[in-house]
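By convention in this document, chain letters (A, B, ...) are assigned in the order of the sequence lines, proteins followed by strands, and residues within each chain are numbered from 1.
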There are 2 protein chains.
Amino acid sequence: MTPKILPLNQLHNGKCGSCARNKLCFGRFLADSNAAEQLDFEISNRILHRGDHIFYSGQEFSSLYMVRSGHVKTVMVTEDGEEQITGFPGPGDSIGADGLAAGQYAVDAIALDTVSICTLHFDHLLRTSTGEEDVQRLLLTLFSEMIFGNEQLLLTLGKLDAQQRMATFLLKQSHAQLRNGCSPVSFTLAMSRADIGNHLNLAVETVSRLLTQFKQRGLIKFNRNDIDWLDIDGLANLSNRREYTLPQMAENLATAQLN
Amino acid sequence: MTPKILPLNQLHNGKCGSCARNKLCFGRFLADSNAAEQLDFEISNRILHRGDHIFYSGQEFSSLYMVRSGHVKTVMVTEDGEEQITGFPGPGDSIGADGLAAGQYAVDAIALDTVSICTLHFDHLLRTSTGEEDVQRLLLTLFSEMIFGNEQLLLTLGKLDAQQRMATFLLKQSHAQLRNGCSPVSFTLAMSRADIGNHLNLAVETVSRLLTQFKQRGLIKFNRNDIDWLDIDGLANLSNRREYTLPQMAENLATAQLN
DNA sequence: CGTTGACTTGAAATTTGTCAAGTTTAGTGG
DNA sequence: CCACTAAACTTGACAAATTTCAAGTCAACG
């Protein structure tokens with residue numbers, strides 16, 4: 001499977017509906033792919049570089065963000081300065097929804113590489129979508145997806161051991177690649193071993209050891225952060241998660257498009 | 001502080017706005033407390049008993065639920081049957097939002113004691129609220145609160161040790177009591193030690209040992225599941241979370257009412 | 001009053017973390 | 001282009017927190 005290269009770095013300002021990426025973005029929640037083109041709220045796009053903040057924890061909530069390309073980490077910080085990476089949003093993922101309830105963002109959102117990101121001013125979005133049942137449902141679906149994702153993560157971190165967590169993580173990255181029309185077996189990890197460890201609640205050393213072990217067992221081929229190949233079925237077997245095997249992944253994508 | 005007893009067991013069917021509980025429920029998200037009385041979507045109420053399911057994981061999504069009284073556990077299950085309790089929703093908490101994105105509930109929701117619960121048929125809710133900007137914002141805020149809550153939980157489970165997790169858990173229960181106008185230092189835990197352990201990713205034995213230890217250190221007085229008193233400041237000190245100290249708790253509630 | 005399930009307590013076992021010491025890589029400046 | 005430095009990563013040995021195992025105790029209920 002060859003990666004499908006889309007014009008990701010091209011900025012898009014204006015209506016969401018006229019954005020080339022929108023079928024992989026908001027569009028993926030809409031039943032009718034033409035409906036995606038009707039989305040008429042304003043978006044503005046900007047490019048960030050490695051280490052740039054999209055927003056800070058504690059900053060006043062104003063907008064939701066959609067990642068168009070690149071990868072981000074969202075970091076929650078305890079009062080005594082300990083950090084927990086809650087996720088690595090990539091293309092088609094949204095950021096910032098956790099800030100609405102309290103009126104301030106709950107995490108730091110930091111670019112891991114060059115990121116193209118859409119800003120959706122929340123008040124504008126809400127005003128524009130008043131009376132638009134489809135858009136309202138879309139927004140709630142977006143939020144629901146985040147709730148579900150966090151619950152899955154709680155399950156992964158709570159009930160799986162180090163090896164299973166690592167396998168699950170790799171499969172999740174692979175699945176995200178597939179969703180974006182890229183190869184699920186060949187891609188680059190945007191985050192460091194330390195970031196992976198923090199996210200999975202494992203020491204950096206454990207992450208390193210597990211990756212080496214997977215390589216030795218022939219489950220994955222990589223150099224540094226470049227993954228050349230991974231055995232999806234083998235990893236799914238380890239992780240106790242069938243949902244990430246290739247036939248299953250294809251099915252998931254198919255049903256997702258029906259919704 | 002004496003517990004404020006509300007007529008919780010009284011069923012309420014009809015408009016949300018005319019429900020006696022609604023200021024502790026949907027109302028707590030609305031700036032103007034009178035606005036809560038204007039909520040005009042239909043609700044239906046029912047009573048469940050210990051062990052009853054509100055819904056099952058995998059069941060088709062149709063409604064959101066609001067707990068009026070009693071306590072619930074939400075359980076996510078892996079393919080190999082391992083269970084993770086993702087939360088213990090109580091009065092004023094919502095359940096079911098994780099089901100919208102995939103069209104089916106992601107967890108089992110099970111009553112821990114006698115529960116009075118409101119059913120909000122989602123399609124009806126959406127239709128009724130189309131054009132009502134306030135209600136749209138309210139629903140999104142409800143979802144946002146769940147996202148934030150899950151992220152906080154990820155931080156708690158990921159970066160705190162057993163003792164801190166236990167302290168944080170007790171403070172969270174205490175805070176929930178306060179929010180519902182009940183005593184934050186005297187209440188009954190609806191869940192078993194095993195449930196607490198599962199939720200906090202600790203063995204039952206560890207939970208038991210920690211509770212005993214807290215009792216010996218004078219941080220908490222309890223018999224079985226009845227908590228007679230707890231040292232909020234002491235526990236907050238252990239848990240590294242100032243947000244649960246009494247002055248802070250009062251402030252949180254105050255600002256929450258302004259929103 | 002005995003049975004059952006929930007809880008408690010102690011001792012041993014194990015996974016994963018911590019510490020320490022390399023090794024490789026990427027970036028920098030001569 | 002090469003040496004130098006800092007950061008990221010790897011690897012091994014040991015330590016520690018928590019789990020597991022085993023054996024009770026307690027309380028509710030028929």
Mutual orientation of the aromatic rings belonging to A:Tyr65 and A:Phe55 [parallel < 30°, tilted 30-60°, perpendicular > 60°]: tilted
D:dC9 OP1/OP2 closer than 4.0 Å to side-chain N/O of A:Asn225: yes
Closest to side chain of B:Thr212, choosing from D:dC9, D:dT10, C:dT8: C:dT8
Contact summary for A:Met146 and A:Ser94, nearest pair of heavy atoms: SD-OG, 3.6 Å
Gap between atoms CG and P, on A:Leu211 and C:dT24 respectively (whole Å): 18 Å
Length of the CD1-C1' vector between A:Ile196 and D:dA8, whole Å: 12 Å
Gap between atoms CZ and P, on B:Phe214 and C:dC7 respectively (whole Å): 17 Å
Distance in angstrom units between B:Asp226 CG and D:dA27 P, rounded: 13 Å
Between A:Thr74 and A:Thr86: side-chain donor-acceptor atoms closer than 3.5 Å: yes
Exam field: side chain A:Asp108 to backbone A:Ser57, donor-acceptor pair closer than 3.5 Å: yes
All N/O pairs under 3.5 Å across the protein-nucleotides 26-28 of chain C interface:
none

Non-hydrogen atoms of A:Glu82 and B:Lys159 that approach each other most closely: OE1-O, 3.2 Å
Pairing of A:Asp93 and A:Arg179 as salt bridge, 4.0 angstrom limit: yes
Non-hydrogen atoms of B:Gly70 and B:Pro91 that approach each other most closely: O-CD, 3.4 Å
Smallest separation among heavy atoms of B:Asp98 and A:Glu151, with atom names: OD2-OE1, 2.6 Å
Between D:dA8 (P) and A:Leu189 (CG): distance, integer Å: 16 Å
Euclidean distance, atom CG of residue A:Leu210 to atom C1' of D:dC9 [Å, nearest integer]: 14 Å
A:Glu60 atom CD, over 12 foreign heavy atoms within 6.0 Å: no
Axial bend angle, the helix from C:dC1-D:dG30 to C:dG30-D:dC1: five-pair end segments, nearest 10°: 40°
Option from B:Leu200, B:Leu171, B:Asp161 for which side chain to side chain contact (heavy atoms under 4.5 Å, CB included) with B:Met166 holds: B:Leu200
Show the distances under 3.5 angstrom between N or O atoms of the protein and N or O atoms of nucleotides 14-19 of chain C.
unit_1: C:dT16; atom_1: OP1; unit_2: A:Ala162; atom_2: N; d: 3.0
unit_1: C:dG17; atom_1: OP1; unit_2: A:Asn201; atom_2: O; d: 3.2
unit_1: C:dG17; atom_1: OP1; unit_2: A:Ala203; atom_2: N; d: 3.2
unit_1: C:dG17; atom_1: OP2; unit_2: A:Ala203; atom_2: N; d: 3.1
unit_1: C:dG17; atom_1: OP2; unit_2: A:Thr206; atom_2: OG1; d: 2.5
unit_1: C:dT18; atom_1: O4; unit_2: A:Arg209; atom_2: NH2; d: 3.1
unit_1: C:dC19; atom_1: N4; unit_2: A:Glu205; atom_2: OE2; d: 2.9

Gap between atoms CG and C1', on B:Leu200 and D:dT19 respectively (whole Å): 15 Å
Between P of D:dC9 and CE of A:Met191, the distance in whole Å: 11 Å
Distance-only donor-acceptor check, side chains B:Ser186 and B:Asp228, under 3.5 Å: no
